[in-house]
There are 2 protein chains.
Amino acid sequence: MKKKYVAIYEDIASKIESKEWLANEMLPSENELTSIYETSRETVRKALNLLSQNGYIQKIQGKGSMVLDVQKFSFPVSGIVSFKELAQSLNLKSKTIVTSLAYLNKENPIYNKLEVDGYKIWGTNRVRELSGEKVILDKDYFSEEFVPILTEEICEKSIYEYIERELGLTIGFAHKEIVVENLTEEDKALLDVDGYSMVVVIKSLVYLDDAKLFQYTESRHRPDKFRFIDFARRVK
Amino acid sequence: MKKKYVAIYEDIASKIESKEWLANEMLPSENELTSIYETSRETVRKALNLLSQNGYIQKIQGKGSMVLDVQKFSFPVSGIVSFKELAQSLNLKSKTIVTSLAYLNKENPIYNKLEVDGYKIWGTNRVRELSGEKVILDKDYFSEEFVPILTEEICEKSIYEYIERELGLTIGFAHKEIVVENLTEEDKALLDVDGYSMVVVIKSLVYLDDAKLFQYTESRHRPDKFRFIDFARRVK
DNA sequence: TTACAAAACCTGTATATACAAGTTATACTG
DNA sequence: CAGTATAACTTGTATATACAGGTTTTGTAA
């Protein structure tokens with residue numbers, strides 16, 4: 001029973017998701033929550049701030065915390081989410097095909113992006129099938145320093161699960177860039193892109209907990225199957 | 001001199017942006033910052049959490065706060081930023097052309113999105129020119145309830161500036177969705193899209209401080225001029 | 001010198017208090 | 001009854017203390 005404010009956050013978030021607390025209604029006040037959860041007001045406030053950051057509530061000074069409509073953005077493609085997690089949360093019938101898995105040649109420009117010194121880089125291509133159509137090509141690159149062994153089986157299941165469970169590494173944050181590019185020969189060969197001339201590409205630099213650069217990824221989507229949903233707060 | 005933690009946040013953020021504090025170096029410890037800014041540790045921690053959320057630092061328990069490389073994501077298209085703010089921060093030569101400004105017909109499906117009751121809806125189309133090319137079409141819709149008057153001059157300058165300065169409204173948050181769509185006849189008529197068949201569309205529902213739905217926007221970008229940059233933290 | 005235990009740092013969590021600032025309901029005054 | 005001032009709520013900011021948990025340095029013992 002540690003991290004009380006996370007427990008409170010999860011409890012309230014689940015109550016909102018399960019419609020126990022409805023959109024456009026007010027949460028109990030901070031003082032009430034303090035006695036409900038038998039804790040201090042500061043601890044309640046930490047939980048409420050997490051809820052606010054993640055789009056569950058809107059705090060209004062003097063009034064209270066209003067529950068927001070989580071339906072409208074229940075497709076959490078923002079943040080850092082693996083394909084397996086995404087497919088599971090959406091109940092999609094998906095399949096992953098590993099089309100390549102090998103160390104990169106020393107001349108590969110990815111070596112500049114990952115800034116490894118001495119270490120080799122794993123490169124893997126995975127095609128994602130949704131309802132029978134090959135619509136996503138994921139190109140992942142890891143330094144041997146953090147991921148010494150990578151098998152086809154791991155790539156087929158979930159690399160992130162392997163990294164976090166087996167290797168005990170903790171993902172911290174990522175810089176992401178979304179652009180639209182013309183089809184490469186590789187895209188044409190691996191994906192079902194008849195009638196399309198472009199793909200949406202999400203390029204990510206992923207860092208560990210200790211701020212060490214860990215992975216470079218390109219996720220290439222057929223335009224009709226691409227959707228990115230975000231919750232943003234106005235700054236300043 | 002109020003909101004001390006925001007002042008500390010802004011001071012540290014500016015020191016990082018101006019390279020006074022370099023990437024991969026450690027910030028002074030929380031205790032040191034406490035005496036530097038002559039405040040309490042909790043206040044320093046509030047500032048550090050803001051810096052962490054916005055991608056300036058990575059906190060590592062037991063070690064300290066590492067400065068991150070803000071160069072890599074200095075293109076802040078995420079969050080809620082107006083075109084004018086964006087063009088200014090990037091020093092782009094831009095021009096805005098207002099192509100329409102009127103109340104919508106009652107049959108327009110936008111009336112369902114904005115959930116206004118009784119009020120009319122302002123609709124305006126604006127074409128954005130970057131270095132002489134018409135590459136972005138912004139379609140904005142506001143309820144008369146919040147924006148009673150809208151002139152061509154305001155639309156040409158900056159609607160957000162008008163809303164926040166003149167009308168005294170405060171933008172709170174937004175739900176955003178990015179998709180790729182085929183060109184409409186309108187796109188073809190208003191934009192320079194020779195050689196392209198699709199546009200990237202950012203659809204946003206924008207809410208005020210008090211969680212009231214305020215605006216619906218579609219920002220339609222020629223694919224080669226579209227770029228979305230995001231900083232994301234791994235949740236859970 | 002090496003190995004390991006302890007101390008001295010660091011950040012993270014939990015609690016308490018005080019007052020400022022915004023909103024709403026109440027009660028009083030004209 | 002209407003209008004307004006006040007009281008009673010709400011959340012926001014600032015401060016203090018205590019201890020838990022992680023990392024690094026120090027110092028001691030073999």
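Computed from heavy atoms alone, side chains included, the values below leave out hydrogens, waters and symmetry copies. Below, chain A is the first sequence line, B the second, and so on; all start at residue 1.
Between the CG atom of A:Asn31 and the P atom of D:dT11 there is a distance of 7 Å, given to the nearest Å. Look at CD on A:Glu32: it is 6 Å from P on D:dT10, rounded to the nearest Å. We find that CG of B:Asp209 is positioned 17 Å from P of C:dA21, with the value rounded to whole Å. Rounding to whole angstrom units, CD of residue B:Gln58 and P of C:dC10 are separated by 19 Å. Between B:Glu30 atom CD and D:dG21 atom C1' there is a gap of 14 Å when expressed in whole angstrom units. Across the protein-nucleic acid pair, B:Arg41 atom CZ and C:dT11 atom C1' stand 6 Å apart, rounded to whole Å. Between A:Glu42 atom CD and D:dA14 atom P the separation is 12 Å, expressed in whole Å. Separating the CZ atom of A:Arg45 from the P atom of C:dA16 is a distance of 16 Å, rounded to the nearest angstrom.
Within 4.0 Å (heavy atoms only), A:Leu48 reaches no atom of the nucleic acid at all.
A:Thr39 has no side-chain polar atom (N or O) that falls below the 4.0 Å cut-off from OP1 or OP2 of C:dA14. In terms of phosphate contacts, A:Lys3 brings no side-chain nitrogen or oxygen within less than 4.0 Å of OP1 or OP2 of C:dA14. When the side-chain nitrogen and oxygen atoms of B:Tyr5 are compared with OP1 and OP2 of D:dA14, none of them lie within a distance under 4.0 Å.
Among C:dA14, D:dT24, D:dA14, the nucleotide with an atom closest to any side-chain atom of B:Ser40 is D:dA14. Among the nucleotides C:dT11, C:dT13, D:dT11, the one closest to any side-chain atom of B:Lys59 is C:dT11. Closest to the side chain of A:Gln61, from the set C:dT11, C:dG22, C:dC10, is C:dG22. The side chain of A:Lys63 lies closest to C:dT23 when the candidates are C:dT13, C:dT23, C:dT11.
Looking only at side-chain heavy atoms (C-beta outward), B:Asn49 and B:Tyr9 stay at 4.5 Å or farther from each other.
Under the ring pair (Phe, Tyr, Trp, His ring centres under 6.0 Å) test applied with B:His175, the options B:Tyr207, B:Phe214, B:Tyr216 reduce to a single match, B:Tyr207.
Taking the six-membered ring for Trp and the full ring otherwise, A:Trp122 and A:Tyr103 have centroids separated by under 6.0 Å.
Nearest-nucleotide positions on DNA chain D for B:Thr43 and A:Gly62 put A:Gly62 closer to the 5' end. Of the residues near DNA chain C, A:Lys46 and A:Ile60, the one whose nearest nucleotide (by heavy atom distance) lies more toward the 5' end is A:Lys46.
Heavy-atom neighbours of A:Leu22 CG from other residues, nucleotides or ligands within 6.0 Å: above the threshold of 12.
With hydrogens and angles left out, the side-chain atoms of A:Asp11 and A:Tyr37 include a donor and acceptor closer than 3.5 Å.
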